[in-house]
Amino acid sequence: MDFSNEIDEFNELRKKYFTNFYSNNSQTSVLTKRETLCLFQIINLFQILKDYDVSQNKALPELSKMCLDTLYNFMIAILTNNDLFIAACTRQFDEELLEIVYSEFCSYKSFEGILKLNYRRLWEDGIQNSSNYKKLSKTRNTNKGTDKDIRLFVKSC
């Protein structure tokens, strides 16, 4: 898909309403044209996940909608160039992305359980309680597995 019109409109919005932020020199801008294109492509991906039945995961459309809202907030944060706002949106998007991954690949019984998942509870409520980790821990204890085994597990979950 070609997002050149959307990127141009985003840059015009930046020029018109956020003149203190806008710069003709792309090296001083927060987002380059390529990074802006990536942001629009990610937004497009989450719109597809929200609108179409692409998975058996019943929580995916709602979680994708939450990610979209956060990405829209992130775009506003970029325009305001507020570091705290950008960091908060980034952290929130990371947690929502984590919720999507866990809802898809790890067995959670309820949507509310997925929403309670955050960085602080990732280990205790996520990885440590998953059946894959328990199997790997058992194998590690009996076969004296390496730390490499744990890293491979985390990548697979």
Side-chain angles (χ1 to χ4, degrees), residues 1-18 21-22 26 29-137 148-157:
M1 267 184 119
D2 182 27
F3 292 102
S4 58
N5 290 338
E6 287 85 354
I7 292 171
D8 291 341
E9 287 178 17
F10 183 71
N11 287 331
E12 286 300 316
L13 176 77
R14 194 174 6 184
K15 282 182 195 178
K16 187 173 181 180
Y17 295 105
F18 299 93
F21 168 75
Y22 182 76
S26 64
S29 298
V30 170
L31 288 182
T32 64
K33 188 168 186 160
R34 182 169 185 233
E35 292 166 336
T36 307
L37 173 64
C38 288
L39 181 60
F40 278 104
Q41 289 171 333
I42 291 169
I43 288 171
N44 192 42
L45 171 72
F46 282 106
Q47 287 173 338
I48 291 169
L49 291 174
K50 177 182 74 77
D51 294 336
Y52 297 99
D53 189 16
V54 295
S55 172
Q56 299 296 327
N57 184 355
K58 301 293 183 206
L60 187 61
E62 187 62 32
L63 292 171
S64 296
K65 184 182 180 307
M66 291 169 51
C67 283
L68 273 173
D69 291 342
T70 302
L71 287 169
Y72 296 145
N73 287 337
F74 182 67
M75 291 180 74
I76 294 169
I78 290 168
L79 292 174
T80 61
N81 202 22
N82 183 310
D83 293 339
L84 185 58
F85 191 14
I86 291 171
C89 289
T90 303
R91 169 88 182 231
Q92 183 176 356
F93 180 71
D94 291 346
E95 287 184 0
E96 289 167 355
L97 195 56
L98 180 67
E99 290 167 353
I100 288 176
V101 170
Y102 267 75
S103 71
E104 192 70 32
F105 295 107
C106 297
S107 57
Y108 270 88
K109 294 181 174 82
S110 69
F111 183 67
E112 291 77 23
I114 294 168
L115 294 179
K116 289 180 183 176
L117 184 66
N118 61 34
Y119 286 136
R120 292 181 186 97
R121 300 177 71 180
L122 171 63
W123 173 250
E124 296 164 358
D125 294 342
I127 294 173
Q128 192 175 27
N129 288 334
S130 70
S131 59
N132 289 338
Y133 180 79
K134 289 177 182 176
K135 287 177 193 173
L136 183 64
S137 294
K148 184 179 177 184
D149 296 332
I150 299 293
R151 281 178 281 178
L152 289 173
F153 163 76
V154 170
K155 285 182 183 178
S156 71
C157 188

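Please read these numbers as outputs of a predicted model, since none were measured by experiment.
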About how many Å separate SG of C89 and CG of D94, when rounded to the nearest 0.5 Å? 11.0 Å
Non-hydrogen side-chain atoms of L37 and Q41 separated by less than 4.5 Å: yes
Output the distance between atom CG (L68) and atom CZ (F74), rounded to the nearest 0.5 Å. 14.0 Å
Shortest non-hydrogen contact from E96 to C67? OE1-CA, 3.3 Å
Rounded to the nearest 0.5 Å, how far apart are CG of L45 and CG of L71? 9.5 Å
Should the pair F93 and F46 be assigned to parallel (<30°), tilted (30 to 60°) or perpendicular (>60°) ring geometry? perpendicular
Taking it one step at a time, do M66 and E99 satisfy side chain to side chain contact (heavy atoms under 4.5 Å, CB included)? CA-CA 10 Å; M66 291 169 51; E99 290 167 353; 4.0 Å; yes
For E12, is there an ion pair with K15 - N to carboxylate O distance below 4.0 angstrom? yes
Quick one: does L39's side chain get under 4.5 Å of I78's, heavy atoms only? yes
Rounded to the nearest 0.5 Å, how far apart are CD of E9 and CZ of F40? 8.0 Å
Rounded distance (nearest 0.5 Å) linking atom CG of L97 with atom OG1 of T70: 10.5 Å
Can you see which heavy atom on I7 is nearest to which on T36, and at what distance? CG1-CG2, 3.9 Å
Between N44 and F3, does the side chain to side chain contact (heavy atoms under 4.5 Å, CB included) criterion hold? Intermediate values first, please. CA-CA 10 Å; N44 192 42; F3 292 102; 3.8 Å; yes
Indicate the atoms forming the closest heavy-atom contact of F85 with T80, along with that distance. CD2-OG1, 3.7 Å
So do K50 and L63 actually touch side chain to side chain, heavy atoms under 4.5 Å? no
Are there over 12 heavy-atom neighbours, none belonging to Y72, within less than 6.0 Å of that residue's OH? yes
Nearest 0.5 Å, what's the CE-CG distance between M75 and N73? 11.0 Å
